[in-house]
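Working notes for the structure below.
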Amino acid sequence: MPLSRAEAPPHSTPADSGLRLEFAQKAFIVHRDRLLMVRKAASDPYHPGRWEVPGGRLEVVADADLDDHIRREVWEEVGLRVVPGPPFHLWQWFMPAGRPAWHGRAEVRRVVAAARLCRPVTVEVSLANQTDEDHLAEPAWVPLPEIDGHDLIPSLRPVMRAFLRMLPVLTRLDPVRPEQAHAPDLPARG
């Protein structure tokens, strides 16, 4: 499985930065030769207006397992039900944690992520289930040849290249088993 690395900011090291490790997953959902992408809202504190794919960080207590995690993220962000497939890429990025560490220095999050090909069970997109932290404004089913024309968040660029390179192999894999084709038990947020 390919691995991409984003370099840590030069001022942050595990010993002195309050580094926190988190895990995330991103869903690469393909339907009729289109990839579901989402544009970050203008309110996004890190990448306003840039494009990415649905997904997010693991909620350790709430997510029963990794399949449950990716199903929850996709449901919250774009209102789709999906069947999670195998991971095809690992990467990491660094971001501020948003609060000072116990020693007074800013905490840094090191996010390790897995990209997964997911099969849609439903295809009508909705932003109604988003949380306040999602900051997503515009979902779109993007034709595969047009992906390069979208301004991606920087950490996703090598992952997207890997996805496009591996797509013929990935789409031949059949990640669906009948017992997996269930929706998460998540209420709509209102």
Side-chain angles (χ1 to χ4, degrees), residues 1-7 22-58 66-67 69-95 111-131 133-176 180-181:
M1 179 177 335
L3 175 68
S4 295
R5 258 198 298 197
E7 294 301 318
E22 295 184 358
F23 178 74
Q25 295 187 93
K26 292 292 183 174
F28 284 70
I29 306 165
V30 178
H31 177 66
R32 296 186 177 161
D33 295 323
R34 294 173 182 262
L35 176 67
L36 181 60
M37 297 179 68
V38 289
R39 185 191 298 259
K40 302 296 274 180
S43 62
D44 184 83
Y46 305 107
H47 302 290
R50 289 198 162 150
W51 290 86
E52 69 165 334
V53 294
R57 292 187 296 269
L58 178 73
L66 296 180
D67 286 351
H69 168 225
I70 194 72
R71 283 191 296 261
R72 177 189 55 76
E73 283 290 345
V74 171
W75 174 252
E76 284 180 3
E77 292 189 359
V78 293
L80 294 187
R81 302 195 188 284
V82 296
V83 176
F88 66 88
H89 195 87
L90 298 173
W91 80 107
Q92 67 181 352
W93 66 87
F94 294 84
M95 61 188 293
V111 183
V112 176
R116 296 179 71 175
L117 184 66
C118 295
R119 179 175 292 171
V121 174
T122 59
V123 294
E124 188 162 330
V125 179
S126 169
L127 300 178
N129 302 321
Q130 278 191 56
T131 66
E133 296 86 32
D134 289 331
H135 299 284
L136 301 175
E138 182 183 344
W141 287 103
V142 178
L144 296 172
E146 296 177 16
I147 291 172
D148 284 342
H150 288 71
D151 184 19
L152 299 176
I153 62 173
S155 66
L156 193 64
R157 292 175 190 155
V159 184
M160 188 64 73
R161 285 192 296 271
F163 166 73
L164 292 172
R165 206 172 35 249
M166 296 173 67
L167 188 59
V169 173
L170 292 172
T171 54
R172 281 195 304 264
L173 299 175
D174 186 8
V176 178
Q180 291 178 315

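Both backbone and side-chain heavy atoms feed into the values below; hydrogens, waters and symmetry mates do not. Just so it is clear, the model here is predicted, and its values are computed rather than measured.
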State the [atom1]-[atom2] distance between [X] and [Y], to the nearest 0.5 angstrom.
X	Y	atom1	atom2	answer
Leu58	Phe23	CG	CZ	7.0 Å
Leu156	Arg161	CG	CZ	10.0 Å
Leu136	Gln130	CG	CD	4.5 Å
His135	Glu133	NE2	CD	7.0 Å
His47	Ser155	NE2	OG	5.5 Å
Glu52	Ile153	CD	CD1	4.5 Å

Grab the two heavy atoms, one from [X] and one from [Y], that are nearest each other, plus how far apart they are.
X	Y	result
Pro84	Cys118	CA-SG, 3.9 Å
Pro143	Arg34	CG-NH1, 3.3 Å
Trp141	Val123	NE1-O, 3.3 Å
Leu80	Val74	O-CG1, 3.6 Å
Ala24	Trp93	CB-CH2, 4.1 Å
Pro48	Ala42	CB-O, 3.6 Å

Residue pair Val142, His150: steps toward the side chain to side chain contact (heavy atoms under 4.5 Å, CB included) verdict: CA-CA 9 Å; Val142 178; His150 288 71; 3.5 Å; yes

Leu35 vs Met160, side chain to side chain contact (heavy atoms under 4.5 Å, CB included): CA-CA, chis, key distance, verdict: CA-CA 11 Å; Leu35 176 67; Met160 188 64 73; 3.7 Å; yes

Step-by-step side chain to side chain contact (heavy atoms under 4.5 Å, CB included) determination, Asp148 to Leu164: CA-CA 10 Å; Asp148 284 342; Leu164 292 172; 4.2 Å; yes

Verdict with supporting geometry, Leu152 and Met37, side chain to side chain contact (heavy atoms under 4.5 Å, CB included): CA-CA 10 Å; Leu152 299 176; Met37 297 179 68; 3.3 Å; yes

Any [X] side-chain heavy atom under 4.5 Å of [Y] side chain:
X	Y	answer
His31	Leu36	no
Val159	Phe28	yes
Val112	Leu90	no

Check whether [X] reaches the backbone of [Y] with its side chain - one donor and one acceptor, N or O, closer than 3.5 Å.
X	Y	answer
Glu77	Gly55	yes
Asp44	Ala41	no
Asn129	Trp75	yes
Thr122	Arg81	yes

Among Ser126, Pro120, Pro54, side chain to side chain contact (heavy atoms under 4.5 Å, CB included) partner for Val78: Pro54

Any residue meeting side-chain hydrogen bond (donor to acceptor under 3.5 Å, both in side chains) with Gln25, in chain and number order, not counting sequence neighbours: His69, Arg116

Parallel, tilted or perpendicular, as decided by the 30° and 60° cut-offs, for the rings of Phe88 and Phe163: tilted

Asp151, CG: over 12 other non-hydrogen atoms inside 6.0 angstrom: yes

